[in-house]
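This report concerns only the one structure given below.
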Amino acid sequence: MQYYSNVNKQNVVSFRDAVLSGLAGDGGLFLPVQIPKLEPKFFADLKSYSFREIAFNVSKKFVENEIDDANLQHIIEKAITFPAPLEQIDDHIFVLELFHGPTLAFKDFGARFMARVMEHFVKNNSQELNILVATSGDTGSAVASGFLGVNGIKVYVLYPSKKISEIQEKQITTLDQNIIAIEVEGTFDDCQEMVKSAFVDKELTGKKNLSSANSINIARLIPQSFYYIEAYKQLNENKDEPVISVPSGNLGNLTAGLFAKEMGLPVHKFIAATNSNDVFTEYVGTGKFSPRPSVKTYSNAMDVGNPSNIARINELYKHNIDLIRSVIFSRSFSDSETLAAIKNVFNSCNYLFDPHGAVGYLALEEYYESTKDKKRCGIVLETAHPGKFNDVVEKAIGKKVELPDSLKSIMHKEKKSIAIKNNYTELKEFILNAG
Ligand SMILES: *Cc1c(COP(=O)(O)O)cnc(C)c1O
């Protein structure tokens, strides 16, 4: 499969090059030159496939002959190590739980797959690959955990000191091995600036093999389409096409769902659920795209004011807003609505949503209300474990949730970080001198 850049369609590269470069040289995002199709027989026999077998069949279409079957199977075994269970919470409402990975959010799927694909592609390189990533919290922990113990790759995670949650900091700073946490005396933007400076520093890039692991890497999107198909498999007797509600920020998760649909997955409609950062909801409503600075909300992983994957969605549907509307319904919700939804669903269905999943649930309810399509089965993607957002959960239901044991145990581990000033030279010296 070849991949083109949305900025210049003539810029076509292999899967390997798309993964290792992340962003196209012209600044664009990579898309497959055509979305591959899965055979109708595959969907007819879906019940007989395990989650990993689904993952194998889907990824094979995107990778084609660039990774042989045995290696692809190995990549999937290393990456897909936890399930994506579908829980029924109401008559025809289901929740797809995507938080059973090591950092308790769906980003584990993308980060772990990307890490193993990169490991495969650099296997025969003599020089180590250095991944630089700046994080405001969740992405960094998923990437760090995904690359832990991956051969031939070292990861530097830059995070703003005292500006991420304690859980997030522990998830980044207690890993050891090939993961180095750099604690920057500055903001997230400062961290990002330093990473950018590193990539354009000829002396550094001449001596060290650098790469990024940002969220727009195509290898992070592909594995996110696996679980849409896994969800459909678990629907059992509910044979009608579902509506699927996706709590959205940078729109990567939604884009992966659209890939699955274009591959042949029966989906009646996708719902893009947003918080007060409603640039995309506005786009679907009015056809106007007006990016603006993000505002802080309870569902903070969706606080995105200029979602980059809108470029991929526009490409998929030929920049035709009516076509986009025929596939995607979108609504946005405030923090107070989010709190009320967490409480209501907890009381009426005995199911506890995190703030992101709660926004997804609200948008599904709104879909039922405004379309009168009330009997159709709906799936809400629960993108994180509620325990990661205990302060919000406590506001909503008056108590906290227990953290899973895996998280409890890291809270006792010792933090190890390299503290640096907001000064690029300090970062550069450190990387140059690192073994
Ligand atoms: C990143 C994230 C989202 C938003 O996903 P996008 O792919 O950026 O739209 C939603 N919920 C959680 C918990 C996340 O970490």
Side-chain angles (χ1 to χ4, degrees), residues 29 84 95-114 133 135-146 164-165 167-168 171-172 188 213-228 244-260 270-281 283-284 291 294 297-313 328 330 332-333 338 342 352-363 380-390 392-393 407:
L29 306 192
V95 177
L96 183 68
E97 295 186 342
L98 300 176
F99 56 73
H100 294 278
T103 73
L104 308 181
F106 82 89
K107 289 192 176 71
D108 283 328
F109 285 100
R112 294 173 70 82
F113 183 81
M114 173 174 65
V133 54
T135 184
S136 54
D138 268 353
T139 303
S141 52
V143 167
S145 156
I164 66 176
S165 77
I167 296 180
Q168 287 170 333
Q171 283 179 320
I172 294 167
F188 168 62
N214 52 27
S215 64
I216 47 77
N217 196 304
I218 191 73
R220 279 180 63 169
L221 278 196
I222 292 167
Q224 288 173 220
S225 53
F226 305 162
Y227 47 68
Y228 286 90
I244 304 182
S245 184
V246 187
S248 294
N250 209 29
L251 303 169
N253 214 0
L254 177 65
T255 304
L258 298 170
F259 279 6
F270 282 96
I271 304 175
T274 58
N275 60 27
S276 304
N277 297 281
D278 59 354
V279 171
F280 186 69
T281 303
Y283 177 60
V284 174
S294 64
T297 73
Y298 289 154
S299 45
N300 58 37
M302 292 158 35
D303 295 351
V304 178
N306 187 3
S308 24
N309 282 297
I310 204 166
R312 285 190 170 118
I313 295 174
I328 305 168
S330 186
S332 82
F333 298 90
T338 306
I342 294 175
L352 185 61
F353 272 117
D354 95 295
H356 305 80
V359 172
Y361 176 85
L362 282 163
V380 178
L381 268 47
E382 172 56 314
T383 48
H385 189 284
K388 287 188 89 170
F389 301 92
N390 250 330
V392 182
V393 166
L407 256 198

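Here the structure is a predicted model, which is why all the values come from computation and not from measurement. One-based numbering, in listed order, for ligands and for the atoms of each.
Scored by the side-chain contact (heavy atoms from CB on, under 4.5 Å) test, V392 finds Y298, L339, I342, P355 as partners (sequence neighbours excluded). When the side-chain contact (heavy atoms from CB on, under 4.5 Å) test is applied to T297, the partners found at least two apart in sequence or on another chain are N275, S276, N277, V295, S299, D303, D335. Legend: residues meeting side chain to side chain donor-acceptor pair (under 3.5 Å) with T281, ordered by chain and number and at least two apart, are T274, S330.
One side chain, N309 or R312, offers a donor N or O that lies under 3.5 Å from an acceptor on the other.
Side-chain contact check for N306 versus V279: every heavy-atom pair is 4.5 Å or farther apart.
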Where do Y227 and F109 land on the ring pair (Phe, Tyr, Trp, His ring centres under 6.0 Å) test, with the steps shown first? CA-CA 9 Å; Y227 47 68; F109 285 100; 4.9 Å; yes
In a simple table, one pair per line, please give the protein and ligand 1 atom names for every N or O pair closer than 3.5 Å, along with the distance.
unit_1   : atom_1 : unit_2 : atom_2 : d
ligand 1 : 7 (O)  : G252   : N      : 3.1
ligand 1 : 7 (O)  : N253   : N      : 2.9
ligand 1 : 8 (O)  : N250   : N      : 2.8
ligand 1 : 9 (O)  : G249   : N      : 2.7
ligand 1 : 9 (O)  : N250   : N      : 3.2
ligand 1 : 9 (O)  : L251   : N      : 2.8
ligand 1 : 11 (N) : T383   : OG1    : 2.8
ligand 1 : 15 (O) : K107   : NZ     : 2.5

